2 protein chains.
Amino acid sequence: MAVSKVAEFTQEDIWMADIAKALSHPARIRILKILTEMNICMCGDIVEQLPLAQATVSQHLKELKRVVLIQGEIEGPKVCYCVNDKTLQKAKKELDKLFSQVCNC
Amino acid sequence: MAVSKVAEFTQEDIWMADIAKALSHPARIRILKILTEMNICMCGDIVEQLPLAQATVSQHLKELKRVVLIQGEIEGPKVCYCVNDKTLQKAKKELDKLFSQVCNC
DNA sequence: TTTCATCATCGTATATTTACGATTAACGAT
DNA sequence: ATCGTTAATCGTAAATATACGATGATGAAA
């Protein structure tokens with residue numbers, strides 16, 4: 001694109017779109033589910049369960065971290081990932097709000 | 001990317017990611033709101049309310065149509081757009097399901 | 001039938017995303 | 001100190017997304 005026009009929208013719409021972007025790849029949906037299903041949650045565990053290389057999974061984790069849907073805690077050479085309930089709750093609330101605004105039901 | 005790996009995920013995760021992708025630009029969030037707020041909903045009306053050229057808005061509408069979050073009805077030279085409540089309801093339901101699976105709250 | 005209005009599509013430029021191998025960094029264990 | 005494990009980052013290639021001007025198609029109105 002020539003130049004992004006994203007900044008010309010409201011902060012609310014930008015945030016919502018940003019959360020949606022983080023959820024816009026099936027690998028990242030899957031990662032969120034894996035993080036909840038499993039107790040231990042190292043990057044390696046996730047790589048095992050996805051048809052993707054370690055570098056690619058690391059990139060997807062980075063995107064989820066960017067919007068704070070997940071967070072990682074360094075434990076020696078390992079990193080223990082988990083979902084961030086606060087952001088998830090806010091996302092759910094804002095999505096509910098959007099859908100109630102937008103749906104005639 | 002070399003080759004997309006999207007097909008290797010479940011249909012459910014792919015659908016959810018696809019809906020999220022459609023919502024992943026603030027212009028498209030805004031368009032959904034405009035379509036609900038306004039009674040008449042021509043493409044031109046939307047263009048007026050966005051800081052984007054007509055061709056760009058048309059592209060965003062196409063992306064929303066792709067996942068059937070909206071639909072357009074041709075009325076002479078005009079096209080009357082409206083949100084698709086059925087898809088919105090399904091999206092809300094699936095998102096709720098995802099969040100309940102993924103959030104410890 | 002010519003003109004106008006409306007909107008999709010084409011062509012194009014640039015930015016971003018997806019994917020991976022290779023490398024690097026950080027730490028624990030030997 | 002060296003080695004193995006873990007995961008981030010770099011470099012790169014290819015696919016997609018974003019943005020717009022120009023053009024095309026369609027139908028209403030003159």
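Every chain is numbered from 1 and lettered A, B, ... according to where its sequence line falls, protein lines coming before strand lines. Computed from a prediction, not measured in an experiment: that's the story for all the values here.
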Novice: Checking A/D13 side chain against A/T10 main chain: does a donor-acceptor pair fall under 3.5 Å?
Specialist: no
Novice: When the nearest nucleotide of DNA chain D is assigned to A/V6 and to A/K62 on a heavy-atom basis, which residue is associated with the more 5' position?
Specialist: A/K62
Novice: Is it the case that the side chain of B/T36 and the backbone of A/V102 share a donor-acceptor pair, with hydrogens and angles ignored and the cut-off at 3.5 Å?
Specialist: yes
Novice: Expressed in angstrom and rounded to an integer, what is the separation of B/L52 atom CG from D/dA17 atom P?
Specialist: 17 Å
Novice: Find the distance B/L23:CG to D/dA17:P and express it as a whole number of Å.
Specialist: 14 Å
Novice: Output yes when at least one side-chain N/O atom of B/S4 is less than 4.0 Å from OP1 or OP2 of D/dA15, else no.
Specialist: no
Novice: Say you draw a straight line from CZ of A/R66 to CD1 of A/I19; how long is it, rounded to the nearest 0.5 Å?
Specialist: 8.5 Å
Novice: Starting at atom NE2 of B/H60, determine the distance to atom C1' of D/dT16, rounded to an integer number of angstrom.
Specialist: 14 Å
Novice: Output the rounded distance in Å from CD (B/E73) to P (D/dG27).
Specialist: 14 Å
Novice: Mark up nucleotides 1-8 of chain D, 5' to 3', with B wherever a protein heavy atom is under 4.0 angstrom from a base atom, S wherever such an atom reaches only the sugar-phosphate, and - elsewhere.
Specialist: ----BBBB
Novice: Without decimals, in angstroms, what is the distance between B/E8 CD and C/dT18 P?
Specialist: 16 Å
Novice: With a cut-off of less than 4.0 Å, is there a side-chain N or O of A/K21 near OP1 or OP2 of D/dA17?
Specialist: no
Novice: Closer to the 5' end of DNA chain C via nearest nucleotide, is it A/I74 or A/R66?
Specialist: A/R66
Novice: Students often mix this up, so state it plainly: with edges at 30° and 60°, are the rings of A/H25 and B/F9 parallel, tilted or perpendicular?
Specialist: perpendicular
Novice: Nearest-Å distance, CZ (B/F9) to P (C/dT18)?
Specialist: 11 Å
Novice: Given atom CG of B/L50 and atom C1' of C/dC7, what is their separation to the nearest angstrom?
Specialist: 15 Å
Novice: Is it the case that the side chain of B/S58 and the backbone of B/A55 share a donor-acceptor pair, with hydrogens and angles ignored and the cut-off at 3.5 Å?
Specialist: no
Novice: Look at the side chain of A/A53 and decide which nucleotide, out of C/dT18, D/dC20, C/dC20, has an atom nearest to it.
Specialist: C/dC20
Novice: At their closest point, which heavy atom of B/E8 faces which heavy atom of A/P51, and how far apart are they?
Specialist: OE1-CB, 3.1 Å
Novice: According to a strict under-4.0 Å criterion, is B/H25 in side-chain N/O contact with OP1 or OP2 of D/dA19?
Specialist: yes
Novice: Expressed as a whole number of angstroms, how long is the span from B/E75:CD to C/dT6:C1'?
Specialist: 12 Å
Novice: Do the side chain of B/R30 and the main chain of B/I46 share a donor and acceptor less than 3.5 angstrom apart?
Specialist: no
Novice: Under the 3.5 Å rule, do the base of D/dA19 and the side chain of B/Q59 count as making a donor-acceptor pair?
Specialist: yes
